Amino acid sequence: MKTKRPILFDLDGTLWDTREAITESWNNTFEANGHGRPVTLENLSPLVGKTMDAFRLAYLPNMPEEPGKRFMKIVEEKEVEDLSSGCESCVYDGVIETLRDLAKDHWLGIVSNCQCGYIEDFLIASGLDDVIQAHLCYGQTLTSKGQSILRVIQEHNLENACYVGDTFGDQAAAKEAGIDFIWAEYGFGTNVEKKGIQQISDLTNDPYFVDLLK
């Protein structure tokens, strides 16, 4: 029986970093369809955690909306296929051990602004499918991350849940859902909170966060 508060996690910048793999996958798809290789780590990084519409507007600004969405769907599907072949190196150090430790007493879930299949890629890479009890993504809900968090909370009757993420968008999503937020300082966001975890293992080793998660 889980005796401590439920924990929901963001994915990119919190549990893993797939930017290099995505850059390669997306550029291959763009190039194969006559759009060059527009993706770089520098222009991809500010978009991480946003919905695919933000990526579409960044990389296909002159393409009409509907054709652009259809093409980005192809990009998404190829990305999921590429990552499914193995991205173990994308998983942050300590994530597997920490989440397995947390799962002894906490209900664990993942909520991300990603496409369908992406969270499953993480679960394949990390081998954590047996400890993540639910996950939900933008590709399933087409709603804000805050509303997706609320849906998980309601569907699983979670009480006093908290959300771990690395950006202002994650902070805003937790606020929208009315739950506490824990900032992953090692991720992509800067100056999001006054205090955050320096590494994922702080959730089980730092007395401040251990107490917060009781």
Side-chain angles (χ1 to χ4, degrees), residues 1-18 21-22 48-49 51 76 79-167 169-170 173-174 177 179-184 186-188 197 199-205 209-210 212-214:
M1 181 177 180
K2 310 299 183 182
T3 59
K4 297 181 180 179
R5 66 190 305 187
I7 309 172
L8 295 169
F9 291 91
D10 167 55
L11 189 46
D12 289 318
T14 301
L15 299 180
W16 73 347
D17 180 359
T18 60
I22 289 175
V48 173
T51 66
E76 289 177 335
E79 174 199 319
V80 168
E81 178 186 335
D82 289 343
L83 291 180
S84 68
S85 64
C87 201
E88 291 83 358
S89 63
C90 299
V91 181
Y92 284 134
D93 289 343
V95 163
I96 296 171
E97 299 83 356
T98 300
L99 265 61
R100 288 200 173 279
D101 194 11
L102 287 169
K104 297 172 184 176
D105 298 305
H106 298 268
W107 188 101
L108 305 182
I110 295 174
V111 178
S112 171
N113 267 342
C114 62
Q115 70 271 31
C116 295
Y118 187 73
I119 297 176
E120 289 84 351
D121 282 343
F122 168 77
L123 296 177
I124 291 170
S126 65
L128 291 172
D129 56 312
D130 60 324
V131 303
I132 298 299
Q133 296 180 261
H135 55 81
L136 197 62
C137 69
Y138 173 79
Q140 294 168 280
T141 66
L142 301 180
T143 61
S144 69
K145 185 179 282 188
Q147 290 303 306
S148 294
I149 291 172
L150 275 175
R151 178 169 159 178
V152 172
I153 289 171
Q154 292 165 358
E155 289 183 353
H156 297 275
N157 299 310
L158 304 180
E159 295 184 2
N160 197 30
C162 63
Y163 189 62
V164 181
D166 64 305
T167 67
D170 295 329
I179 63 174
D180 288 341
F181 175 70
I182 295 176
W183 176 37
Y186 54 83
F188 304 146
I197 55 174
Q199 53 195 354
I200 192 74
S201 59
D202 285 352
L203 295 176
T204 55
N205 296 332
F209 293 103
V210 171
L212 185 66
L213 292 173
K214 287 182 180 178

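Values in this document were obtained by computation on a predicted structure and should not be read as measured data.
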Looking at every non-hydrogen atom in both residues, tell me the closest pair between [X] and [Y] and how far apart they are.
X: I200; Y: D93; result: CG2-O, 3.7 Å
X: I124; Y: S84; result: CG2-O, 4.2 Å
X: L150; Y: A177; result: CD2-O, 3.5 Å
X: L108; Y: F9; result: CD2-CE1, 4.0 Å
X: L83; Y: A21; result: CD2-CB, 3.7 Å
X: A184; Y: I197; result: CA-CG1, 3.7 Å

So does G117 get a backbone contact from the side chain of E120, meaning a donor-acceptor N/O pair under 3.5 Å?
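Yes.
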Have D170 and T167 got a donor and an acceptor in their side chains that come within less than 3.5 Å?
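Note: D170 and T167 side chains meet the donor-acceptor criterion.
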Who pairs with C90 by disulfide (SG to SG under 2.5 Å), at least two apart in sequence or on another chain?
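Applying disulfide (SG to SG under 2.5 Å) to C90 gives C87.
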Which residues pass the side-chain hydrogen bond (donor to acceptor under 3.5 Å, both in side chains) test with T18, not counting sequence neighbours?
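Expected list: Y118.
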Contacts of F122 that satisfy ring pair (Phe, Tyr, Trp, His ring centres under 6.0 Å) - sequence neighbours left out:
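Checked F122 against ring pair (Phe, Tyr, Trp, His ring centres under 6.0 Å); matches are W16.
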With sequence neighbours excluded, tell me which residues meet ring pair (Phe, Tyr, Trp, His ring centres under 6.0 Å) with Y92.
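By the ring pair (Phe, Tyr, Trp, His ring centres under 6.0 Å) rule, Y92 matches Y186.
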Partners of E159 by salt bridge (Lys or Arg N to Asp or Glu O under 4.0 Å), sequence neighbours excluded?
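Residues passing salt bridge (Lys or Arg N to Asp or Glu O under 4.0 Å) with E159: none at all.
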Less than 4.5 Å apart, any side-chain heavy atom of I22 and any of V48?
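When only atoms from C-beta onward are counted, V48 and I22 do not touch, as no gap falls below 4.5 Å.
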Could you measure the distance from the CD1 atom of I7 to the CD1 atom of I182? Nearest 0.5 Å is fine.
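So the gap between those two atoms works out to 6.5 Å.
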I need the D101 CG to I96 CD1 distance, nearest 0.5 Å.
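So the gap between those two atoms works out to 13.5 Å.
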Any pair counted as side chain to side chain donor-acceptor pair (under 3.5 Å), so long as it reaches residues 1-10, sequence neighbours left out:
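Counting only pairs at least two positions apart or across chains, the side chain to side chain donor-acceptor pair (under 3.5 Å) contacts touching residues 1-10 are R5-N160, R5-D180, D10-T14, D10-K145.
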